[in-house]
A.B. asks: 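Pasting in a structure now, in structure tokens, and then I'll have a few things to ask.
Residue indices begin at 1 and follow the sequence shown. Bear in mind that the values here come from a model prediction, so they are computed numbers and not experimental data.
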Amino acid sequence: MARLGLAVLVVISAIGCSGGPLDPTPASLVPVASLTISSAQDTVFVADTLLMTVAARDSAGNLLSGRAVHWQSSAGNVATISTQGLVTAVAPGKTTISAAAGTQAAAVTIVVKRLVFSVNVIPDAVCLRKGFTTFLSLTAFDSLGQPLAPSIRPVTWRTSNGLVVTVTPQSGDSSVVLGVAPGTAFVSGTMAGVADTTAMIVDATPLGQPLQCNGG
């Protein structure tokens, strides 16, 4: 009885055996020969953003479009970068922002500085009657201790207990605090990652009688 032999043809294709980066560009597209990163500035302040752009060119120097770009930050604790090339400054320091397209890559160094070195929320402590409001204001200072202009950066206001006090942002780096229920809460104001906190004591003593403020 004759046996039918089976012939198995195995084709192995080795790509990138040289150890270099693989170029996923389809054969129908012109390969990227050079990559250039550009931005409006190389220094950014904490909590600010910076948009990076990249130009891909072929071997003749012509601009290429429709190329996938991979962005990366060497120090994510200093600055992060999105898939669209938007840098967000996190903390003072330096980081290298790199972009890769095809087999090409480019990189730039970004310096992150702290514009706001300290902030002060006033008053420092408030005894507030239930149902009444008070104003808080924030002043920011630079590295020399000089006050910065109002509204130089957005202020984020938070309360530690919304059942005791609520806080509503106002213009000019200020906020309105409403005493909701008796108790103690803390209200913080944050600008460019720097914060200060003030204590709020809400007293339920009826109008016309002296505030007790928990004996404080």
A.B. asks: Measure across Thr95 and Ala75 and return the closest heavy-atom pair with its distance rounded to 0.1 Å.
C.D. replies: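 Heavy-atom minimum between the residues: OG1-N, 3.0 Å.
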A.B. asks: Determine whether the side chains of Thr80 and Ser73 contain a donor N or O and an acceptor N or O closer than 3.5 Å.
C.D. replies: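 No - no donor-acceptor pair under 3.5 Å links their side chains.
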A.B. asks: Can you list, by chain and residue number, the hydrophobic cluster partners of Val180 when the side-chain cut-off is 4.5 Å?
C.D. replies: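 So far as hydrophobic clustering goes, Val180 is joined with Leu178.
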A.B. asks: Do Val108 and Val44 belong to the same hydrophobic cluster, where Ile, Leu, Val, Met, Phe, Trp and Tyr are linked whenever their side-chain heavy atoms lie under 4.5 Å apart, directly or via other members?
C.D. replies: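 Yes, because Val108 and Val44 connect within a single hydrophobic cluster, where side-chain heavy atoms sit under 4.5 Å apart.
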A.B. asks: As an exercise, state the distance from CG of Leu86 to CG of Leu50, rounded to the nearest 0.5 Å.
C.D. replies: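 It is 8.0 Å, given to the nearest 0.5 Å.
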A.B. asks: Does Asp173 use its side chain to pair, donor to acceptor, with the backbone of Ser151 at less than 3.5 Å?
C.D. replies: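 Indeed, once roles are kept as given, a pair shorter than 3.5 Å links the two residues.
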A.B. asks: Atom CG in Leu128, atom OG1 in Thr133: separation rounded to 0.5 Å?
C.D. replies: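 Here the rounded value is 7.5 Å.
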A.B. asks: Heavy-atom distance under 4.5 Å between the side chains of Val155 and Gln170, does that happen here?
C.D. replies: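 They are not in side-chain contact.
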A.B. asks: For residues 41-82, which residue pairs pass the disulfide bond (SG atoms under 2.5 Å apart) check, not counting sequence neighbours?
C.D. replies: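 Non-adjacent pairs meeting disulfide bond (SG atoms under 2.5 Å apart): zero.
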A.B. asks: Run the side-chain donor-acceptor check on residues 110-122: report pairs under 3.5 Å with partners two or more places apart or on a different chain.
C.D. replies:
none

A.B. asks: Kindly indicate, with the supporting measurements, whether the criterion side chain to side chain contact (heavy atoms under 4.5 Å, CB included) is fulfilled by Ile37 and Trp71.
C.D. replies: CA-CA 11 Å; Ile37 299 177; Trp71 292 97; 4.1 Å; yes
A.B. asks: Report yes if the side chains of Leu136 and Pro123 come closer than 4.5 Å at any heavy-atom pair, otherwise no.
C.D. replies: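 Leu136 vs Pro123: side chains touch.
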A.B. asks: For the residue pair Ala185 and Thr159, what are the closest heavy atoms and their distance?
C.D. replies: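 Heavy atoms only, the tightest pair is CB-OG1, 4.3 Å.
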A.B. asks: I need the full list of disulfide bond (SG atoms under 2.5 Å apart) pairs touching residues 50-106, with sequence neighbours left out, sorted by first then second residue.
C.D. replies: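 Qualifying pairs: none.
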A.B. asks: Between Thr205 (side chain only) and Gln209 (backbone N and O only), is there a donor and an acceptor less than 3.5 Å apart?
C.D. replies: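 Not a single qualifying donor-acceptor pair exists.
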A.B. asks: As a test of understanding, state which of Val46, Leu148, Thr139, Leu138 forms a side chain to side chain contact (heavy atoms under 4.5 Å, CB included) with Met191.
C.D. replies: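 That would be Leu138; it is the only one of Val46, Leu148, Thr139, Leu138 passing the side chain to side chain contact (heavy atoms under 4.5 Å, CB included) with Met191.
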A.B. asks: Where the side chain of Ser39 meets the backbone of Met52, is there a donor-acceptor pair that is under 3.5 Å apart?
C.D. replies: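 Absent.
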A.B. asks: Determine the minimum heavy-atom distance between Thr190 and Ala195, stating which atoms define it.
C.D. replies: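 Smallest interatomic distance, heavy atoms only, reads OG1-CB, 3.3 Å.
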A.B. asks: Is Val177 reachable from Phe132 through a run of I, L, V, M, F, W or Y residues, each pair having side-chain heavy atoms under 4.5 Å apart?
C.D. replies: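 Yes, one cluster joins them.
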A.B. asks: Of all heavy-atom pairs between Leu64 and Pro31, which one has the smallest distance, and what is that distance?
C.D. replies: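 For Leu64 versus Pro31, the nearest heavy atoms are CD1-O, 3.7 Å.
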A.B. asks: Quick one: salt bridge (Lys or Arg N to Asp or Glu O under 4.0 Å) pairs with a partner in residues 120-141, sequence neighbours left out?
C.D. replies: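 Sorted pair list comes back empty.
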A.B. asks: Between CE of Met200 and OG of Ser160, what distance do you get to the nearest 0.5 Å?
C.D. replies: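 Between Met200 CE and Ser160 OG, I get 10.5 Å after rounding to 0.5 Å.
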A.B. asks: Could you pull out the closest heavy-atom pair between Ala79 and Ala89, with the gap in Å?
C.D. replies: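 Answer, listing the atom of Ala79 first, then Ala89: CB-CA, 4.2 Å.
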A.B. asks: Quick test of your reading: applying disulfide bond (SG atoms under 2.5 Å apart), list the pairs with at least one residue in residues 63-177, sequence neighbours left out, ordered by first then second residue.
C.D. replies: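 Output for this query lists Cys127-Cys213.
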A.B. asks: Looking at OG of Ser188 and CZ of Arg158, how far apart are the two atoms once the value is rounded to the nearest 0.5 Å?
C.D. replies: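 Going from the OG atom of Ser188 to the CZ atom of Arg158 covers 6.5 Å.
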A.B. asks: Looking at Ala192 and Ala47, what are the two nearest heavy atoms and their distance?
C.D. replies: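 Here Ala192 and Ala47 meet closest at CA-CB, 3.7 Å.
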A.B. asks: Mind running side chain to side chain contact (heavy atoms under 4.5 Å, CB included) on Thr109 and Thr96 for me, showing each step along the way?
C.D. replies: CA-CA 4 Å; Thr109 299; Thr96 299; 4.2 Å; yes
A.B. asks: Among Val126, Thr184, Ile201, Val202, which one satisfies side chain to side chain contact (heavy atoms under 4.5 Å, CB included) with Val165?
C.D. replies: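 Among Val126, Thr184, Ile201, Val202, the one that satisfies the side chain to side chain contact (heavy atoms under 4.5 Å, CB included) with Val165 is Val202.
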A.B. asks: Given Val54 and Leu35, is the side chain to side chain contact (heavy atoms under 4.5 Å, CB included) satisfied, shown in steps?
C.D. replies: CA-CA 7 Å; Val54 63; Leu35 206 62; 3.5 Å; yes
